[in-house]
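Letters go in sequence order (proteins before strands), and every chain restarts at 1. It should be emphasised that the depicted structure is a prediction, and the values quoted were computed from it without experimental measurement.
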There are 2 protein chains.
Amino acid sequence: MVEILNAAVQAMADDGVAGMSLSDVARRVGMRPPSLYEYFPNKMAIYDAVFRIGFEELNSALRTAVADWVVDPLSAIRNGHPVYMQWCIEHPIHAQLMFWRPVPGYVPSPDAFAPSIENLLLVKKIIASAVELGQLEEGAASEEGFGLYTFIGSGLITQQLANDPQGGFPDGQYSRHTSAAVEMWISRYSPDRSL
Amino acid sequence: MVEILNAAVQAMADDGVAGMSLSDVARRVGMRPPSLYEYFPNKMAIYDAVFRIGFEELNSALRTAVADWVVDPLSAIRNGHPVYMQWCIEHPIHAQLMFWRPVPGYVPSPDAFAPSIENLLLVKKIIASAVELGQLEEGAASEEGFGLYTFIGSGLITQQLANDPQGGFPDGQYSRHTSAAVEMWISRYSPDRSL
DNA sequence: GTCTATACGTAGATAGAC
DNA sequence: GTCTATCTACGTATAGAC
């Protein structure tokens with residue numbers, strides 16, 4: 001089960017996310033293709049498992065990094081963002097599946113989508129909390145503020161994965177600007193911009 | 001030739017960029033698959049043509065929008081960015097091919113890459129010019145400044161295409177924040193931040 | 001649970017007639 | 001230039017033996 005998923009991710013790394021084939025996965029785990037159907041009902045179920053597990057692991061990494069967000073949400077944002085970036089850049093296959101739509105015909109199931117929504121809600125709560133504590137202006141918690149926050153994340157990941165896939169974190173040609181990107185967002189909604 | 005490319009883009013829209021098949025394209029133009037080989041040596045050449053033409057058209061739209069960048073580069077940035085966004089969101093298939101890597105095994109040829117580089121250079125020149133005229137601080141023309149500029153663009157496009165593909169420009173769930181995103185970047189490098 | 005055998009479809013590409 | 005015919009390969013998936 002776990003070995004099959006690991007092999008599938010490896011196969012996607014070699015042939016592209018959409019290029020993964022069951023024969024290839026079976027070969028990697030030392031099985032014949034039909035045996036895979038004991039573990040997954042069809043090919044899309046493998047994508048779905050990778051998608052769901054990706055968000056679960058990302059959420060887990062995030063929650064650890066922002067454990068004390070209740071007392072200092074702004075620091076949680078500063079700490080959490082690089083963790084988010086690092087996870088995505090170190091799991092480029094999961095990230096492609098989670099943030100792009102690279103596989104024709106694959107749509108995440110509601111079940112797989114749940115942790116993705118959980119992820120969004122956590123970020124929203126942290127931002128709202130930073131506003132309540134006066135660490136950020138009200139605009140940060142608006143639709144615009146949240147939108148701008150997600151842009152810098154997805155933009156950074158997209159650029160790094162598409163244009164410098166070999167560069168990792170934190171030294172990649174794009175990922176090295178992670179902090180600068182968060183600070184740009186924070187300073188836009190900072191109540192003490194004159195300092 | 002042109003009809004074939006249009007049909008190919010339509011096919012990609014229906015079945016995913018990576019899911020386009022020559023049989024489908026041939027059917028759409030009323031031909032048999034072998035006839036396509038009179039126009040393109042293989043399937044990847046079709047992707048390459050779409051990639052190259054995409055950047056050519058985007059560059060053309062951009063150049064028109066920023067025609068007077070020499071006299072007022074900051075306004076050119078403000079005017080050019082929405083044009084860039086609009087073109088990408090109205091040409092989602094081209095944009096996916098240009099900014100993501102959705103097709104296993106397809107790598108843009110140097111020939112197709114040329115207009116992409118031209119695009120980057122134009123943006124860099126405009127930003128550098130804004131710095132020279134004192135419209136932006138020096139940091140805007142640094143690697144960081146340019147990196148942050150590209151993030152907000154690719155992030156916005158990525159979010160809009162992946163999560164709200166039906167929403168267009170300028171009313172899409174994400175694209176509606178185009179101006180706010182540029183202003184966030186501009187204000188970070190604005191010499192008169194106290195105003 | 002894993003296998004062999006196979007169904008069934010489709011893909012990209014080429015040969016060669018017209 | 002466009003076609004028919006075909007090659008070769010691979011894909012997902014299922015039936016049924018062990």
Seminar exercise, completed: When rounded to whole Å, the CD to C1' distance for the pair B/E38 and C/dC18 reads 13 Å
Exercise. Where the side chain of B/R32 is defined as all heavy atoms beyond and including C-beta, which of D/dT2, D/dT4, C/dT2 is the nearest nucleotide?
Worked result: D/dT4
Problem set entry | Centroid-centroid under 6.0 Å between A/F51 and A/Y47 rings | no
For this session: Measure the acute angle between the ring planes of B/H177 and A/F151, then classify it against the limits of 30° and 60° as parallel, tilted or perpendicular.
Result: tilted
Seminar exercise, completed: Rounded to whole Å, the CZ-C1' distance (B/R27 to C/dT10) equals 14 Å
For this session: Show your reasoning for whether side chain to side chain contact (heavy atoms under 4.5 Å, CB included) applies to A/T178 and A/H81.
Result: CA-CA 8 Å; A/T178 298; A/H81 201 79; 3.7 Å; yes
For this session: Summarise how protein sits on nucleotides 10-17 of chain D as a single string, 5' to 3': B when a protein heavy atom is under 4.0 Å from the base, S for sugar-phosphate-only contact, - for no contact.
Result: -SBBB---
For this session: Could you check whether A/F40 gets within reach of a base, just the sugar-phosphate, or nothing at all, counting any heavy atom under 4.0 Å?
Result: nothing
Exercise. Using 30° and 60° as the class limits, which term best fits the ring planes of B/W87 and B/H94: parallel, tilted or perpendicular?
Worked result: perpendicular
Problem set entry | Value in whole Å for how far the C1' atom of D/dG1 lies from CG of B/L36 | 12 Å
Exercise. Hey, are the side chains of B/Y39 and B/I46 touching, using non-hydrogen atoms and a 4.5 Å cut-off?
Worked result: no
For this session: Using the rule that two of Ile, Leu, Val, Met, Phe, Trp, Tyr join whenever any of their side-chain heavy atoms come within less than 4.5 Å, decide whether B/I157 and B/L120 are in one cluster.
Result: yes
